[in-house]
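Step one of this worksheet: look at the structure below.
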Amino acid sequence: MIQLVRGFRDILPQQTPRWRAIEKTAISLFQDFGFKEIRIPILERTELFARSIGEDTDIVEKEMYTFPDRRGELITLRPEATASIVRSYIQHKLYAKDPVQKVYTTGPMFRRERPQKGRYRQFYQIDVEILGIKSAYADTLLIFMLITLLDRLDVSDAQAHINSLGCSACRPGFRAKLSEFISSRADVLCSDCNRRRERNPLRVLDCKVPSCREAMADAPSILDSLCSDCERHFKELTQSLTHLNVSYVIDKRIVRGLDYYTRTIFEIQTGSMGAQNAVVGGGRYDNLVKMLGGPDIPATGFAIGLDRLVEIAGSRLGTEQKQPRVFIAAIGEESIAKAFSWSCSLGLEGVCAELDLSGKSLKALMKRADKLGFEYVVIVGDNELRKRAVILRNMRTKAQDLIPIDGIVENLKKRLTT
Ligand code: ATP
Ligand code: MG
């Protein structure tokens with residue numbers, strides 16, 4: 001038997017109502033705040049991700065699904081959505097009409113990581129971006145929407161963690177300071193951290209190895225090195241969050257694994273996911289549009305990890321039955337033919353009728369209806385056709401009623417929807 005590729009998975013019919021309910025809640029919230037859907041391709045030129053995410057990041061170094069297509073051009077299955085959205089914003093000059101574009105997209109992302117709980121090689125994100133706004137209020141709006149969403153989804157222990165990465169004026173100074181600190185701890189840090197010290201020292205701050213975390217506990221905080229503009233921006237963020245009653249923790253450890261971030265960065269973390277505790281990651285990327293060849297336009301955004309959100313959202317989501325369902329036990333060819341046309345008409349009326357086409361005995365059909373948990377069963381055989389009335393059985397109370405065949409679709413609809 002052919003099996004799934006490792007790290008990939010099926011989301012089965014039994015699970016999809018929950019996924020849909022969660023996606024629907026999120027999307028309708030974002031639409032209420034004026035965000036519009038954008039759809040971007042799953043494949044892009046490798047260069048797009050290499051240049052935007054950064055060569056020295058985990059994603060580009062070792063996680064991307066990159067391969068030459070049949071003509072030898074290097075293409076990559078998207079590991080995230082921001083780069084594509086920015087490419088699209090530039091390519092279609094969306095900024096020409098209005099630089100402010102608020103968009104969202106959802107779909108699969110691909111990263112070749114070690115599969116484990118909450119970590120897959122194909123996973124799903126809802127990605128939300130605000131292009132064209134420099135003010136920290138845009139960052140606050142994103143965090144506010146996220147906290148609102150998690151509340152609507154009954155996620156109880158979500159916490160916003162915020163930090164700043166400064167800008168090209170103040171980050172280099174901090175990098176040097178941090179690098180020095182890392183050198184003083186070189187002997188206790190893991191080999192990855194020591195390798196990163198030179199090229200990307202900020203990444204050492206979010207190493208998950210316990211001894212590294214311990215060694216970095218009293219590392220300097222970038223918040224002490226911000227330039228006055230970045231400091232003002234960060235203050236505007238924290239003050240506006242407080243005004244909206246959004247609780248947050250300032251967390252100097254979060255640095256995010258992508259190079260394009262500037263100033264505000266944030267994660268939503270929960271206690272219930274073990275090591276994979278981040279359900280959302282986001283931040284500001286004021287240089288990316290320009291870096292990818294567009295005008296100098298600031299932007300900010302986030303990506304929700306849907307696989308993780310589905311794990312932690314309230315259990316009632318997606319359990320509500322959308323439409324009434326009835327099982328039709330038809331015995332004999334003529335009954336089946338009649339019932340088939342009733343079931344089609346019922347479908348058009350929004351009543352889902354499960355007609356058994358196996359031609360089995362009444363006893364077998366009732367057994368199946370019971371096993372599948374139907375509340376109502378319509379029974380029709382030669383007798384019922386002759387009397388021009390079918391039996392409607394309530395499987396819970398065992399009560400049986402006769403429903404005339406004339407006007408049966410209307411009758412059943414009324415009986416089952418009131
Ligand atoms: P992590 O620290 O868990 O590796 P990340 O910083 O790499 O996360 P982002 O690139 O910020 O993740 O993506 C945003 C969100 O997407 C994450 O918070 C997480 O919920 C989800 N996510 C990222 N990688 C995976 C994965 N391999 N499988 C499932 N969800 C993922
Ligand atoms: Mg990661």
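In listed order, ligands and their atoms are each counted from 1.
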- Message: Given a heavy-atom cut-off of 4.0 Å, could you list the residues near ligand 1 in chain and number order?
- Response: Arg111, Glu113, Gly118, Arg119, Tyr120, Phe123, Gln125, Lys208, Arg256, Ala278, Val279, Val280, Gly281, Ala303, Gly305, Arg308
- Query: Are any side-chain N or O atoms of Asn163 and backbone N or O atoms of Ile254, one a donor and one an acceptor, separated by less than 3.5 Å?
  - Reply: yes
- Is there a side-chain contact between Gln125 and Pro108, using heavy atoms and a 4.5 Å cut-off? no
- Pi-cation contact, Tyr376 with Arg325 (under 6.0 Å, within 45°): no
- Query: Quick one: is the NZ or CZ of Arg9 closer than 6.0 Å to the six-membered ring centre of Tyr120, and within 45° of its axis?
  - Reply: yes
- Verify whether one side chain among Tyr124 and Gln122 offers a donor that lies under 3.5 Å from an acceptor in the other. yes
- With Asp154, which residues qualify under side chain to side chain donor-acceptor pair (under 3.5 Å), at least two apart? Arg316
